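The figures here come from the full heavy-atom set of this structure, side chains too, leaving out hydrogens, waters and symmetry mates. Order of the sequence lines fixes the chain letters, A, B, ..., with proteins taken first and strands second; residue numbering starts at 1 for each chain. The structure displayed is predicted, hence computed values, not measured ones.
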Amino acid sequence: MVPAPPAPARGPISARARAVTAAAPYLEGLNPEQRLAVETLDGAVLVLAGAGTGKTRVLTTRIGHIMATGRARGSQILAVTFTNKAAREMKHRIGALVGGEVEGMPWLGTFHSIGVKILRRHAELAGLKSGFTILDTDDQIRLLKQVLDVASVDKERWPARQLAGLIDGWKNRGQTPDMVPKGEAASFADGKGGQLYAEYQKRLKELNAVDFGDLLVECVRLFREHPDVLADYRSRFRYILVDEYQDTNTVQYLWLKLLALGRETPLVGKAAGSDNASPNVCCVGDDDQSIYGWRGAEVDNILRFDKDFPGATVIRLERNYRSTGHILAAASHVIAMNQGRLGKTLFTDGVKGEKVTVTGVWDDTEEARIVGDEIERLRKGGHKLNEIAVLMRASFQMRAFEDRFITLGMPYRVIGGPRFYERAEIKDAIAYLEVVHNPTHDLKFERIVNVPKRGIGDTTVHRIIAHSRARAIPLAIAAAEMVQADELSPKTRRSLNDLLASIERWRSRIAGMRHTDLAEMIFDESGYTAMLQADKSPQAQSRLENLKELVRFMHDFDTLEGFLEHVSLVMDIDSGNDGERVTLMTLHAAKGLEFDTVFLPGWEEGLFPHQRALDESGLKGLEEERRLAYVGLTRAKKRARVSFTENRRTRGLFQSATPSRFVDELPEADVEVIEAKGPFSGAYRSLGGGGGAGGYGGGSRFDNEAFKSSYQTPGWQRAQQHSQQQGSGPGQGGHGHAHGAGQGQAQGRPGGTSGSAYGAGQTKRWPDKGGARTPRLIEGQVLASSTGSASEFKRGDRVFHEKFGYGAVSEVDGNKLTVDFEKAGQKKVVDSFVERG
DNA sequence: CTTAGCGGCCTTTTT
DNA sequence: GGCCGCTAAG
């Protein structure tokens, strides 16, 4: 049911608020709805903020307003976000608003960071010691493996990962081992699922550790079991604000309800306003942008807000300040196909702007090519590369774009690859630091005990673990005891002893030297740096760089301890990633961002909507996929470019694809069909042309029939011939090597190489250079022959490339090089992307 | 203890 | 087609 439109602010509240307004410049420039959202301070408020309607501004202004009106001090406001990034942004903006640092808001943070804060204060009540450690996903898996071992579960059939997923899911729903539904608990390891979960929790307690899920589950338990503690927080938090409410999962929801209402169920049938606990809770979100159902988010939370908080004020922000008319209309039309939504109608006063374009192409290579060409064109027209993004459904799609951009010399950055703290070398490094800081951190100890390899293998580790279990002591102590005894072979014994001695030695230096120097010392003396230096693989270099980056980052902290506390929670680093670059990322990663021009490739059935979402979640899954389409479109300020391929390469082989149903859901009036200008566009062109001008003659414009028939056209056949020639042609064969998805290259190239090395205006375009020089046109080659400047490299030079590693130059053409990479095969690259190897 | 080779998996991802 | 994780051989 769609809640009634918001009633205007009433009585004394508005009067009071208005009185303030005169002296509150921050309220100026807000539209009426935004202002209402800022000024409705009493009771529960749900702000439905459509894409680009000024959500963050409302949230931050509201906080500023609460403080400015003296209703509460910063320390009495609880403001939760999902990501550290969002928390940072909010802090920053409130700071700008209030003028000054936001030291006064200790309770602004992520659900998890606030959860830790609360748990640390009452650790004993939660059955923990105050210095408990927080396990990351890696530690979690490690621990689960041990649990599976002890229970002698076949790890082949029942991987620890899967159990981790299940436990995560249970924790997301706030279920402790005894609360897990029997059927579900039985679904793992022949009915042992529940037991294993219980065992895992027991081990966590023994280790004085919690995982991410526990930060909330344990908090909820604390609140339930200790009403006095809950009451304390309830009186402390006069105002509660929640960002991205549509993304909350069940524990977060319970957590909030306990804090806001003091109980988990709303008063049924009671007059809402009479509840003098008066939860001043304000949730901001957009049901249409709920795209995290698969990791436990419950859209229902936002859909039933007014049932949880009877009498809640619902305010809709529908005035969009981001996108031009056609884009907004297209997005709205698509999202309107969804059933379960609260319903909003976004509008804009701005210009209609350009229509959303739809282009069908032959395959992913051509798709990347037309996108690259268009970006080239836009850049020449003065478009900022930072204002361009390519948003895709799945990360494997990025490959084609990266390849193409490298060929073009187009600077790009990838967001959402493996993040900094997820890289193996960083985890190793942090594990060392953690062990030095706290030698009883068993999982970290286990991680580094044989990295770099020092002859302490699985058997030894297992014996240490067994010993530590038997005596209920930490691994490091167990190891020390075993070194004293004659348990181990002399070699192992010595090696282990050296390690333990080193740890002690480093530990004794904590107080005496700068933590950054200590870190360097540790990486050096442990042999870790030496290991990377000895590593000839192409990634080793950037790994060393990452370590340096880590040490640089440590400078921001005063102590080792401070640094470690930070990283256990914040798996994120703000690295200077500046410079003009095109952004490549997934649709998920794009939520909350905006760009002038947005490319949306891969709109094909099976990929988007993703087949798996459909199979596993049916209509619900489809609607979430549709919301993803909505999120994608609404990222665009001025230009949105949708494309789909007719042939998608999956698992190495080509499969013909059908355009996404979402393409058909775009409203005719706001869309323009564009022909691909490449040589492979025959099929689509025939469709667009054959279907009548515009191609919108009712029914599906892109359905299978149309495509089937187009397969007979000359264009298609030509294209097919082409692709066959290409497939076997030189320079194409290299496709598919060495991408090493996520090998620390996630940032694209490091600074230094500049896109400007690639002279604009020198590019000759398809297809004018036809068969004159080569019978087959191989992409990249035309470009390769067209640049004037001579390269500093010559045939036979050995070079190093950030992404492809080492190789030898086999051909030089202007500033384009053909290089035979040792690992990656033959690639064409721009010389500015390589250095002498 | 290390390394090579084989088999299974393959959407999205924060804390 | 490629990567990760595990197992079995050296």
Q) How close or far is atom C1' of B:dC10 from atom CD of A:Q162, stated in whole angstroms? A) 15 Å
Q) Among all residues two or more places apart in sequence or in another chain, which pass the side chain to side chain donor-acceptor pair (under 3.5 Å) test with A:S130? A) none
Q: Please name all residues satisfying side chain to side chain donor-acceptor pair (under 3.5 Å) with A:R173, sequence neighbours left out, ordered by chain then number.
A: A:Q175, A:E184
Q | Side chain to side chain, A:Y630 and A:D286, heavy atoms closer than 4.5 Å | A | yes
(Q) Heavy atoms from C-beta onward define the side chain here; which of B:dC1, B:dT13, B:dT15 lies closest to that of A:N84? (A) B:dT15
Q. What integer distance in Å separates A:F396:CZ from B:dT12:P?
A. 8 Å
Q) Atom CG of A:L607 and atom C1' of B:dT11: how far apart are they, to the nearest Å? A) 9 Å
Q: Can you sort out the partners of A:Y292 under ring-ring contact (aromatic ring centres under 6.0 Å, His included), two or more places apart, ordered by chain and number?
A: A:W294, A:H588
Q | Which nucleotide in C:dG5, B:dT14, B:dT11 has an atom nearest any side-chain atom of A:A394 | A | B:dT11
Q) Taking atom P of B:dT11 as reference, at what distance in whole Å does atom CD of A:E605 sit? A) 17 Å
Q: Return the value, rounded to whole Å, for the distance between atom CD of A:E244 and atom C1' of B:dT15.
A: 15 Å
Q. If you round to the nearest 0.5 Å, how far is CD of A:E367 from CD of A:Q397?
A. 7.0 Å
Q: With sequence neighbours excluded, give me every ring-ring contact (aromatic ring centres under 6.0 Å, His included) pair touching residues 134-174 of chain A.
A: A:W158-A:F188, A:W170-A:Y197
Q. Considering only side-chain heavy atoms of A:T459, which listed nucleotide, B:dT13, B:dC1, C:dG5, is closest?
A. B:dC1
**Q.** Whichever of A:R454 and A:F82 has its nearest DNA chain B nucleotide further upstream toward 5'
**A.** A:R454
Q | For atom CZ of A:F111 and atom P of B:dT15, their distance in whole Å | A | 13 Å
Q) Under the ring-ring contact (aromatic ring centres under 6.0 Å, His included) test, which residues partner A:F396, sequence neighbours left out? A) none
Q. Can a side chain N or O of A:T460 be found less than 4.0 Å away from OP1 or OP2 on B:dC1?
A. yes
Q. Under 4.0 Å between a side-chain N or O of A:R161 and OP1 or OP2 of C:dC4?
A. no
(Q) It should be established whether A:T586 places a side-chain nitrogen or oxygen under 4.0 Å from OP1 or OP2 of nucleotide B:dT11. (A) no
**Q.** Proximity to the side chain of A:N450 - top-ranked nucleotide from B:dT11, B:dT15, B:dT2
**A.** B:dT2
**Q.** A:Y292-B:dT14 aromatic stacking (under 5.5 Å, under 30°)
**A.** no
Q. Do the rings of A:F557 and A:F563 sit parallel, tilted or perpendicular, given the 30° and 60° boundaries?
A. perpendicular
Q) How would you list, by chain and number, every residue that makes a salt bridge (Lys or Arg N to Asp or Glu O under 4.0 Å) with A:E605, sequence neighbours excluded? A) A:R661
Could you list, one pair per line, each protein nitrogen or oxygen that sits under 3.5 Å from a nitrogen or oxygen of nucleotides 6-8 of chain C, together with the distance?
unit_1, atom_1, unit_2, atom_2, d
C:dC6, OP1, A:K145, NZ, 3.3
C:dC6, O3', A:E156, OE2, 3.2

**Q.** d(CD1, A:I456; P, B:dC1) in whole Å
**A.** 9 Å
Q | Test side chain to side chain donor-acceptor pair (under 3.5 Å) applied to A:S113 - qualifying residues, sequence neighbours left out | A | A:T110
Q) Between B:dT15 atom P and A:Q140 atom CD, what is the distance in whole Å? A) 15 Å
Q: Specify the residues of residues 610-624 of chain A, ordered by number, for which at least one heavy atom lies under 4.0 angstrom from an atom of DNA chain B.
A: A:H610, A:R612, A:A613, A:E616
